[in-house]
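I have placed the structure first, in the form of structure tokens, so that the comments after it can refer back to it.
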Amino acid sequence: MSLKVFNTLTGRKEKFISREEGKVYMYVCGPTVYNHIHIGNAYSYLIFDVIKRYLSYKGYKVIHVQNITNIDDKIINQSIEENISASEISEKYETAFWKVSDELNILRPDFSTRATEHIDNMIEMIKVLIDNGYAYVSGEDVYFSVDKFKSYGKLSKKNLNELIEGYRVCVTKGKKKPYDFALWKAAKPDEPKWDSPWGEGRPGWHIECSAMSLKYLGMGFDIHGGGKDLIFPHHENEIAQSEAYSGTEPFVKYWLHNGFMNIDKVKMSKSLKNWVFAKDVLEMYNPNVIRILSLSTHYRNDVDYSPKILNAYKQAYNKFLNTIHDINIVLSQEEQNTGKSVIDKIPSLKKEIDSLRLNFESAMDDDFNTALALSYIFKFAREVNRFAHLSLLKLTSDIKQILIRAKNIIIELTSILGLDLSEEEISKFRISEKYDKKKLEREINNTASKIYNKVFKLYPQDATKLSSSIISKSNLEDKIETILSIRNKAREEKNWIIADYIRKILKGIGISIKDTPLGTKWRKEY
RNA sequence: GGCGGCAUCGCCAAGUGGUAAGGCAGAGGUCUGCAAAACCUCUAUCCCCAGUUCGAAUCUGGGUGCCGCCUCCA
């Protein structure tokens with residue numbers, strides 16, 4: 001089975017053949033760092049992260065370039081707004097961008113290219129465009145002459161007449177044609193500026209992506225990605241500039257565009273002010289939940305953002321965690337030699353493992369159908385749950401082996417989707433600044449003291465372990481274990497009121513527990 | 001005004017000619033001290049109309065509704 005991708009340029013799914021065998025050169029449009037990124041921006045980066053991960057899984061060495069647009073009108077406007085310099089704005093929001101990107105488990109690009117560090121490359125390119133007659137100087141501005149580039153519109157399927165008729169085409173003085181676009185803009189007083197043959201100014205928006213992608217990836221690179229709103233004019237203009245500059249085509253082999261993240265069916269956009277910052281969503285939801293939401297529909301479709309839907313996928317994510325958690329519980333048993341009934345189910349589970357991988361790959365090979373790929377993993381999880389439930393009785397070495405394989409393939413395949421099912425995620429506390437450990441510690445200490453008050457008369461000796469002087473010294477895991485030991489004492493004495501009380505207040509701080517034949521197990525919920 | 005996309009169970013959603021994946025929610029059941037989790041069972045004929053076909057959610061035509069691009073936008 002070979003990979004097929006939907007190419008915006010041709011409008012159909014095509015077999016993916018990389019320029020160089022075993023390597024994929026990929027450019028993804030990155031953020032303009034004038035504000036925090038919203039969840040729709042994050043969606044795009046997340047999609048291409050999964051594409052990159054899957055290509056790596058397929059054995060390609062992926063060379064991934066992503067720009068940071070750190071000079072732009074919006075940055076200048078924001079610097080006036082916040083009354084700090086443009087460079088301070090871009091530094092501030094670039095830092096914020098990486099923080100969110102890392103939290104979302106998005107792999108860093110191989111080259112993160114800042115526009116301002118490539119001004120020379122852009123000037124060089126503009127010079128050539130002027131020399132070749134594709135661009136003209138108007139005052140201290142430089143414009144690209146769209147009429148000169150014959151195949152203009154091939155990506156967005158627009159023709160120039162339509163553009164002229166479009167009532168929204170703005171006419172700017174200095175342009176020969178309304179659809180010409182700026183390659184270089186003269187600086188107004190107090191604006192950031194760079195020297196150029198045409199005077200002091202800054203580059204137009206589109207030129208940076210051409211200059212930087214060509215510098216790092218060269219003409220004819222494999223994948224160029226971004227949101228579908230970039231198709232026109234941004235990517236259309238990139239093609240025009242790059243192919244006019246090089247005199248060859250194609251600029252890019254495969255153009256991939258993701259759909260939008262909508263709110264109430266409407267695109268998240270600056271003008272409607274209906275965006276939600278990714279950082280704010282991350283305060284409320286586990287990054288894995290955001291991923292599952294993003295991957296539960298095909299990347300070219302729009303996906304709706306809402307707390308209701310996010311909560312549904314939170315449950316879905318919990319399903320994965322529970323499966324791994326339950327496997328771990330079964331595996332924590334002592335091995336035995338007399339596993340009876342389940343033994344004969346091993347071959348069928350083995351078969352499921354093999355077909356899961358094949359199904360996963362065929363789904364992903366079909367233009368990265370993550371929704372289908374996920375559904376196979378869910379289906380498999382049910383098989384494993386059924387098996388693990390049965391084998392809770394006896395753990396033989398054969399059963400142990402197959403369960404470890406089952407667990408590993410779930411972890412492997414979900415990690416291609418960028419999901420994290422690590423031990424920390426499942427049963428322990430994540431060492432992460434996002435989850436405020438101090439707050440959690442306070443909550444648990446609080447809970448311990450509540451329980452202490454409740455039980456110290458009943459179990460004076462055991463309760464001592466919960467006294468604030470002792471409990472405050474132990475680590476988070478030990479605190480929980482101590483609390484559970486008290487609860488189990490109560491359960492032994494069939495004091496269900498105390499036992500249920502403890503379970504209830506632990507639940508209140510996000511610790512869920514389950515009583516199993518192998519003892520009481522707990523995990524932190526997110 | 002031009003161009004384009006979408007419409008599948010209560011919600012999210014896969015499926016592009018062969019008889020409707022998966023997740024969430026709901027109902028009943030098994031297990032459990034009770035829970036939780038898990039498992040089992042149940043819940044749609046695919047916006048409407050017409051057509052092509054042995055056969056259509058899937059193709060064609062018409063209609064309705066929603067959304068996007070044409071201006072910065074992932």
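The sequence lines fix the lettering, A, B, ..., with proteins before strands; numbering per chain opens at 1.
Side-chain atoms of A:D515 lie closest to B:A35 of the nucleotides B:A35, B:C72, B:A13. Closest to the A:F260 side chain, of the nucleotides B:C12, B:C70, B:G68, is B:G68. Listed nucleotides B:A21, B:C34, B:A37 differ in distance to A:S375; the shortest reach to its side chain belongs to B:A21. Here the nucleotide nearest the side chain of A:H389, chosen from B:G22, B:A14, B:A38, is B:A38.
In this structure, A:F378 places its CZ atom 10 Å from C1' of B:C24, rounding to the nearest Å. For the pair A:H235 NE2 and B:C69 P, the interatomic distance rounds to 15 Å; values are reported in whole Å.
Dashed line: the shortest gap from a side-chain N or O of A:S296 to OP1 or OP2 of B:G22 is not under 4.0 Å. Contact annotation: A:K379 side-chain N/O to B:G23 OP1/OP2 distance is not under 4.0 Å. For A:N369 and B:A14, the shortest distance from a side-chain N or O to OP1 or OP2 is not below 4.0 Å. Using a 4.0 Å cut-off, some side-chain N or O of A:K267 falls inside it from OP1 or OP2 of B:C69. Between A:N301 and B:A14 there is a side-chain N or O to OP1 or OP2 distance below 4.0 Å. The shortest distance between the side-chain N/O atoms of A:N159 and the OP1/OP2 oxygens of B:G2 is not below 4.0 Å. Side-chain nitrogen and oxygen atoms of A:R382 include at least one within less than 4.0 Å of the OP1 or OP2 phosphate oxygen of B:G22.
Searching all strands for a Watson-Crick or G-U wobble partner of B:A44 with both distances below 3.5 Å returns nothing. Pairing of B:G68, defined by two Watson-Crick or G-U wobble distances under 3.5 Å, is identified with B:C3. As the counterpart of B:G51, B:C59 is assigned, both hydrogen-bonding distances of the Watson-Crick or G-U wobble pattern falling under 3.5 Å.
The residue A:K319 sits close only to the backbone: its heavy atoms come under 4.0 Å of sugar-phosphate atoms, none of a base. Among the atoms of the strands shown, none is found under 4.0 Å from any heavy atom of A:R12. Among the protein residues, A:H234 comes within range of no part of the nucleic acid, since none of its heavy atoms lies under 4.0 Å from any strand.
Ring stacking holds between A:W496 and B:G33, with the centres under 5.5 Å apart and the planes within 30 degrees of each other.
With hydrogens and angles ignored, the 3.5 Å screen pairs a side-chain donor or acceptor of A:E236 with a backbone N or O of A:G153. Between the side chain of A:E191 and the main chain of A:G201, no donor-acceptor pair closer than 3.5 Å is present. Although no hydrogens or angles enter the test, the distance criterion places a donor-acceptor pair under 3.5 Å between the side chain of A:N7 and the main chain of A:W255. No side-chain donor-acceptor contact under 3.5 Å links A:N41 to the backbone of A:I37. Between the A:R12 side chain and the A:F6 main chain, no donor and acceptor come within less than 3.5 Å of each other. With A:S138 contributing its side chain and A:G174 its backbone, the two residues share a donor-acceptor pair below 3.5 Å.
Contact of A:D73 with B:C72 (side chain to base): no donor-acceptor pair of N or O atoms is detected under 3.5 Å. The base of B:G33 sits within donor-acceptor range of the side chain of A:D500, with an N or O pair under 3.5 Å.
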